[in-house]
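Down below is the structure, laid out as structure tokens.
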Number of protein chains: 2
Amino acid sequence: MESRCENCIIRQFNSLRAMSKEELKKVSDSKITKVIKKGEPLFEEGDKLNGVYCVRNGVSKLSKLSANGKDQIVKLATKGEVLGQRSVISQESTNLSAVAVDDMEVCFIPKESINNTLQKNPNFTLEVLRHMAHDLKEADDVIVNISQKTVKQRMAEAFLYLKNNFGEDEDGFLALTLSREDISNVVGTATESAIRIISEFKKKGLIHASGKKIGIKDERKLLEVVEGF
Amino acid sequence: MESRCENCIIRQFNSLRAMSKEELKKVSDSKITKVIKKGEPLFEEGDKLNGVYCVRNGVSKLSKLSANGKDQIVKLATKGEVLGQRSVISQESTNLSAVAVDDMEVCFIPKESINNTLQKNPNFTLEVLRHMAHDLKEADDVIVNISQKTVKQRMAEAFLYLKNNFGEDEDGFLALTLSREDISNVVGTATESAIRIISEFKKKGLIHASGKKIGIKDERKLLEVVEGF
DNA sequence: ACAAATTACTGATAAATATCATATTTTTAA
DNA sequence: TTAAAAATATGATATTTATCAGTAATTTGT
């Protein structure tokens with residue numbers, strides 16, 4: 001495992017690349033590398049975060065619990081993404097829970113290093129800002145999708161999203177395997193409805209499945225479903 | 001009308017307050033004050049923005065058109081808010097349209113002033129970042145609301161939101177008057193459904209209405225509806 | 001002030017989706 | 001390994017919401 005932030009490849013993918021040598025050294029000296037097992041939380045809704053988590057490996061679901069007890073997954077974060085930024089920046093407790101979907105390896109970076117750099121290095125702040133602008137745009141898209149598309153359309157979209165963002169394994173299955181419940185929480189529907197649509201997609205030859213694993217069989221048709229045909 | 005940014009009260013409400021005297025002077029010299037009539041657009045989805053709009057008066061709806069031709073209103077922006085920031089920051093064309101809901105008065109600030117300050121003044125960048133962090137948190141809340149609450153719950157929530165954010169006039173009506181269609185686009189439902197629920201709320205004494213104007217009659221009961229009772 | 005256009009409203013019905021019940025399969029832990 | 005637990009699957013049904021059709025009220029432009 002690479003232990004010096006200066007040499008960490010992951011850094012290339014996120015805002016940390018805008019840090020100066022000295023800043024990076026401080027981060028490196030104060031960071032703590034952690035292994036999070038599948039199903040374990042990085043943090044929970046309402047926690048006050050004392051730092052951010054830089055994902056080195058694995059995938060985390062960011063979700064928010066609703067009054068009726070269902071989780072809505074707002075984002076799936078993978079290698080190179082930094083979690084908890086918003087909470088640290090706004091100095092509020094976090095509004096999302098982060099739970100490992102895979103076994104994960106993350107670096108915890110205390111907020112002091114972050115805040116210090118935010119105040120002194122405009123390039124870094126601007127990098128973070130650009131990232132957040134992007135996240136906000138994505139969030140707006142999710143809002144429009146959820147409110148204007150049918151569950152079936154969103155299910156099809158979710159599978160394409162999973163392929164595009166997490167890829168496929170050698171057998172043609174989606175590299176990120178989610179439980180049916182997680183899928184339903186991404187899409188924002190009842191688990192039974194998600195399962196029903198998976199069955200339908202299987203019958204129609206849009207996807208194939210083996211246990212939890214799901215593979216995309218006919219991307220074109222899946223895209224047609226998204227478009228509403 | 002106040003013509004010098006340095007003296008503009010609106011500035012107190014937004015990130016511009018973190019600008020230095022000189023930066024503010026530049027902004028002031030390059031800004032253009034515009035009057036936008038109710039129903040007119042500030043900008044449209046897909047436009048490349050050459051600057052941001054600082055709202056001095058009136059309200060703008062930020063919306064995104066979906067494939068089926070319905071608008072989803074993602075945010076209602078009022079006095080003190082700055083529109084188009086995200087687009088300018090990420091140097092992409094905007095993903096939202098901004099249309100005046102009221103008669104508006106806005107200052108257009110060319111992107112050069114903004115970008116320049118973003119690169120040189122960490123305090124300003126941090127201010128903008130904090131704002132965006134807040135917007136992102138709100139967007140996450142909207143996602144959870146839309147996917148987990150019923151239309152009726154969201155309608156009740158919308159009225160409370162309108163009261164809390166835009167206040168009431170002397171006769172006890174919501175200060176911001178929206179068309180039924182706009183309300184349905186905020187809530188993310190069919191216009192007829194929104195109208196039906198308004199009728200129901202009227203019958204049950206939760207709200208009262210006179211033409212377009214809607215007033216909150218029983219806030220407690222409205223809150224109960226939001227909570228699902 | 002008035003005709004035209006838009007917006008608001010209501011009912012009937014269809015479609016989408018959630019919920020409940022229960023069976024089957026898969027995973028987990030002793 | 002096996003019993004228990006959890007996840008997946010499917011049918012029946014209820015509920016929610018959208019759509020279509022049509023009328024009434026309001027707003028707009030001349």
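Computed from heavy atoms alone, side chains included, the values below leave out hydrogens, waters and symmetry copies. In this text the structure is predicted, and so the values were computed from the model without any measurement. Numbers restart at 1 for each chain; the letters A, B, ... are given by sequence-line order, proteins then strands.
- Annotation: side chain of B/Met155 is in contact with side chain of B/Phe201 (closest heavy-atom distance under 4.5 Å).
- Dashed line: the shortest gap from a side-chain N or O of B/Lys212 to OP1 or OP2 of C/dA8 is under 4.0 Å.
- A/Ile183 places its CD1 atom 14 Å from the P atom of D/dA7, with the value rounded to the nearest Å.
- DNA chain C is contacted by A/Thr150, A/Val151 of residues 139-158 of chain A, taking any non-hydrogen atom closer than 4.0 Å.
- The closest donor-acceptor contact from the side chain of A/Ser90 to the backbone of A/Arg86 lies under 3.5 Å.
- Residue contacts for A/Thr189: at a heavy-atom cut-off of 4.0 Å it reaches the sugar-phosphate backbone alone, with no base atom in range.
- The interatomic distance linking B/Phe201 (CZ) with C/dC9 (P) rounds to 14 Å, in whole Å.
- Comparing C/dT19, C/dA8, D/dT17 by their closest approach to the side chain of B/Ser193 singles out D/dT17.
- Separating the CD1 atom of A/Ile195 from the P atom of C/dT24 is a distance of 16 Å, rounded to the nearest angstrom.
- Distance B/Ile207 CD1 to C/dC9 C1': 14 Å, rounded to the nearest Å.
- Side-chain N/O atoms of A/Arg196 include none lying less than 4.0 angstrom from OP1 or OP2 on C/dT17.
- Rounded to a whole Å, the CD atom of B/Glu192 is 8 Å from the P atom of D/dT19.
- Classification of B/Lys163 and B/Glu219 as a salt-bridged pair holds, one side-chain N sitting under 4.0 Å from a carboxylate O.
- At a threshold of 4.0 angstrom between heavy atoms, the contacts of B/Ser199 are confined to the sugar-phosphate backbone, with no base atom among them.
- The two atoms that bring A/Gln72 and A/Val186 nearest to each other are NE2-O, 3.3 Å, heavy atoms only.
- When each of A/Ala209 and B/Gly188 is assigned the nucleotide of DNA chain D with its nearest heavy atom, A/Ala209 is the one assigned upstream, toward the 5' end.
- Computed from coordinates, the B/Lys37 NZ to D/dG29 P distance equals 11 Å when rounded to whole Å.
- Residues A/Asp135 and A/Lys75 are paired through a salt bridge, judged by an N-O separation under 4.0 Å between the basic side chain and the carboxylate.
- Here the P atom of nucleotide C/dT7 and the CG atom of B/Leu178 are 13 Å apart, to the nearest Å.
- For the residue pair A/Leu174 and A/Ile216, the shortest heavy atom distance occurs at CD2-CD1, 4.2 Å.
- Counting heavy atoms from C-beta on, the side chains of B/Val59 and B/Phe166 come closer than 4.5 Å.
- Under 4.0 angstrom from either OP1 or OP2 of D/dA9 there lies at least one side-chain N or O belonging to A/Lys202.
- The NZ-P distance, from B/Lys213 to D/dT27, rounds to 11 Å in whole Å.
- B/Glu181 comes within 4.0 angstrom of sugar-phosphate atoms only, judged by non-hydrogen atoms across all strands, and of no base.
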